[in-house]
Amino acid sequence: NQLTDEIAAGLQAWIAAGGPAAADQERRQAQGPKELTVQILVNGTVSVLDTAKPYSIDGFPQAFAWTEGPDGTGNAGITVLVGPYAKSDKISGRDRYKLPEAAARVSTQPRGIALTVTGPADKPESLRALLRQTDLARLQALLR
């Protein structure tokens, strides 16, 4: 129990210090602007650029399209939040979305899934095409 508590405390401190946003930024810089990538985060806090625009997907009201870099020369992406995410705060130009707190000592069950598709900003249709291939309803069915 002590080890579990220490790990949980360390994770909470990392999240509070903006660790997820920094890790996300490092990942985006490392991937290169010409790759299409898919990232899935289960039960985690999600950071979305505060300049992101709402993206329309039937049945999924929390979806955002965003672009990094000047004049569309960097990466672009679409982030879809599946589950009961709520906007919690803003850190370093990013809006953070969190899930409601889980009951203490409950086994880990998927409560929320964040799906992010990223790629070159000059080819937004490739992002939309990749997202259309994803069965979002099936992801939603995984949530408890």
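A quick note: this is a predicted structure, and the numbers were derived from the prediction, not measured. The chain is numbered in sequence order, starting from 1.
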- If you take all heavy atoms of Gly119 and Leu127, which pair is closest and at what distance? N-CD2, 3.3 Å
- Item | Heavy-atom side-chain contact between Ser88 and Asp95 under 4.5 Å | no
- Note on the structure: When every non-hydrogen atom of Ala121 is compared with those of Ala76, the smallest separation belongs to CA-CB, 3.7 Å
Counting only pairs under 3.5 Å, give me each side-chain donor-acceptor contact of residues 55-63, with atom names and distances, residues two or more places apart or in other chains.
| from | atom 1 | to | atom 2 | distance (Å) |
| --- | --- | --- | --- | --- |
| Gln62 | NE2 | Tyr85 | O | 3.1 |

- Query: Is there a path from Trp14 to Ile91 through hydrophobic residues (I, L, V, M, F, W, Y) whose side chains come within less than 4.5 Å of each other?
  - Reply: no
- Item | Distance-minimising heavy-atom pair for Pro84 and Pro100 | O-CD, 3.4 Å
- Query: For the hydrophobic clusters of this structure (ILVMFWY residues joined by side-chain heavy atoms under 4.5 Å, transitively), does one cluster hold both Leu99 and Leu11?
  - Reply: no
- Query: Can you hop from Ile113 to Ile15 via hydrophobic side chains spaced under 4.5 Å?
  - Reply: no
- Do Val48 and Thr116 have side chains that get closer than 4.5 Å, going by heavy atoms? no
- Message: Once rounded to the nearest 0.5 Å, what's the spacing between atom OG1 of Thr67 and atom NZ of Lys53?
- Response: 9.5 Å
- Sequence neighbours excluded - side chain to side chain donor-acceptor pair (under 3.5 Å) pairs with any residue from residues 128-137: Glu125-Arg128, Glu125-Arg132
- Side chain proximity check, Leu36 to Lys123, heavy atoms < 4.5 angstrom: no
- Counting N and O atoms only, with roles assigned by atom type, does the side chain of Asn43 sit under 3.5 Å from a partner on the main chain of Gly112, one being a donor and the other an acceptor? yes
- Quick check: does any side chain N or O of Thr118 sit under 3.5 Å from a backbone N or O of Gly77, one acting as donor and the other as acceptor? no
- Query: Are any of the side-chain heavy atoms of Leu41 and Val46 separated by less than 4.5 Å?
  - Reply: yes
- Note on the structure: So CG of Leu131 and CG of Leu136: to nearest 0.5 Å the spacing works out to 5.5 Å
- Nearest-0.5 Å distance that lies between atom NZ in Lys98 and atom OG in Ser47: 10.0 Å
- Item | Test log, rule side-chain contact (heavy atoms from CB on, under 4.5 Å), inputs Leu143 and Val82 | CA-CA 8 Å; Leu143 302 182; Val82 181; 3.8 Å; yes
- Query: Closest heavy-atom contact between Leu81 and Phe64?
  - Reply: CD1-CE1, 4.0 Å
